[in-house]
Amino acid sequence: MAQTTLFRTPTCCWRSFVRSVLPQTQHTRSHVSVHVGRVEKLDLPPGVPQQFWSQLPKRLRPDQGKRKIIIHEHPPSEHEACKEPEKAIHAEQMKLLDPTGARARLFDPKNPDGAKAGDIIMATFKTGEPFSGVALSIKWRGPHTSVLLRNQVTRVGTEMDIKVFSPLVQSMEVAQKATKRPRRARLFYLRQPKHDVGSVQKTVDQYLRQRAMLTGGKPQGGRKAGGPRGGRRGA
Amino acid sequence: MIQLKTMLNCIDNSGAAIVECVQVMKKRGIRPAANIGDRIIVVVQKQRSFGQEGPGGSGLSIANKVRRGDIRHAVVVRAHKEQQRKDGSYIRFDDNACVLINKSGDPIGTRLTGVVGAELRDKKWSKILSLAPLHV
């Protein structure tokens, strides 16, 4: 047969000749798989005598009833008991940290007379060291509410982020409200030398003097070292 | 975050004005960073002018105790990176500043200008705290 094809094809076209010869050898099958199809399930013949029951799997024995499914009761829902646990805990903590609610009112964002960014705030601590400064930002986070105060102490810019409801904070007072409502919520631009308000010690001292005159006591809570020593350096 | 190559202000009257950090002591890591109260090794880069000491130092008017190029130990007293305190508050200053000390831990200068961080108290730098005009 190969002889005849060789005879018929022109001798120059070797490629087509090889193509016509090679496939014949390649198409021989070496492996045959026969598709069988699904094995059909046979039903159990009816009326199996009792002597053969022991050979059957348990679930097929005629005396076996339906499988019992145990359904457990839901445990009582925690969500139903307390819909907003975070709020509840915050309220509980606030009751502990701020029993009178005065400081919460001062730092209430809805309170028009409350502390806002841009105000000069004075904080005194239980240890007796006050810190005052311009409020750059107030983070309202429930009991974790904090206020970022900036001041220039001995001509060095100092910033302190104070937790408002911390038990170590004795008092928080607004020494001076911002003259103009700032058009930002956070006044980080006050860090730039161009906008820096500088030391607020004078304003705080004046506020303390005024408060002392009104209450009739001695001015308290002022920064001891900030007064005479800072003044000598012209802070 | 004071690390290798950080330039710091020197706020004592030892004679150094600007120093450069070359080593952070007792910290490990790829780039150990010092904060307030940490000990570092510095190189004096800029001296204070001699005239500044004249009227304040009265008759003593000592020459600068350190010179440019000196390698000294120092304690960080102010850092620009905010640092959390135990009560949750944060403190940060506008500059990085240090005080030169000798190897036994006593300050070289006799006076400090400017505020220092209160973290020095926890780290037992009481001699520096007593020299400082203020601490916050």
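These values consider heavy atoms only, across backbone and side chains, with no hydrogens, waters or symmetry-generated copies. Per chain, numbering begins at 1; letters A, B, ... match sequence-line order.
Within a 6.0 Å radius of NZ in K27(B), more than 12 heavy atoms belonging to other residues, nucleotides or ligands are found. Counting non-hydrogen atoms of other residues, nucleotides and ligands closer than 6.0 Å to CE of M1(B) gives a total of 12 or fewer. Within 6.0 Å of NZ on K46(B) lie no more than 12 heavy atoms contributed by other residues, nucleotides or ligands. Counting non-hydrogen atoms of neighbouring residues, nucleotides and ligands closer than 6.0 angstrom, the CZ atom of F125(A) exceeds 12 such neighbours. Q84(B) CD: more than 12 foreign heavy atoms inside a 6.0 Å radius. Within 6.0 Å of atom CD1 in I71(B), 12 or fewer heavy atoms from other residues, nucleotides or ligands are found, so the atom counts as exposed in its surroundings.
Remark: S89(B) OG to F131(A) CZ distance equals 10.0 Å, nearest 0.5 Å. One distance of note links CG of L112(B) with OG1 of T154(A); it measures 10.5 Å at 0.5 Å rounding.
Within residues 159-195 of chain A, the residues that have a heavy atom under 4.5 Å from a heavy atom of chain B are E159(A), M160(A), D161(A), I162(A), K163(A), L168(A), R191(A), listed by number.
Listed here is the closest heavy atom pair of V156(A) and D94(B): CG1-N, 4.4 Å.
Residue S146(A) does not touch chain B at all, counting heavy-atom pairs closer than 4.5 Å.
Looking at heavy atoms from C-beta onward, T113(B) lies out of side-chain contact with R155(A) at the 4.5 angstrom threshold.
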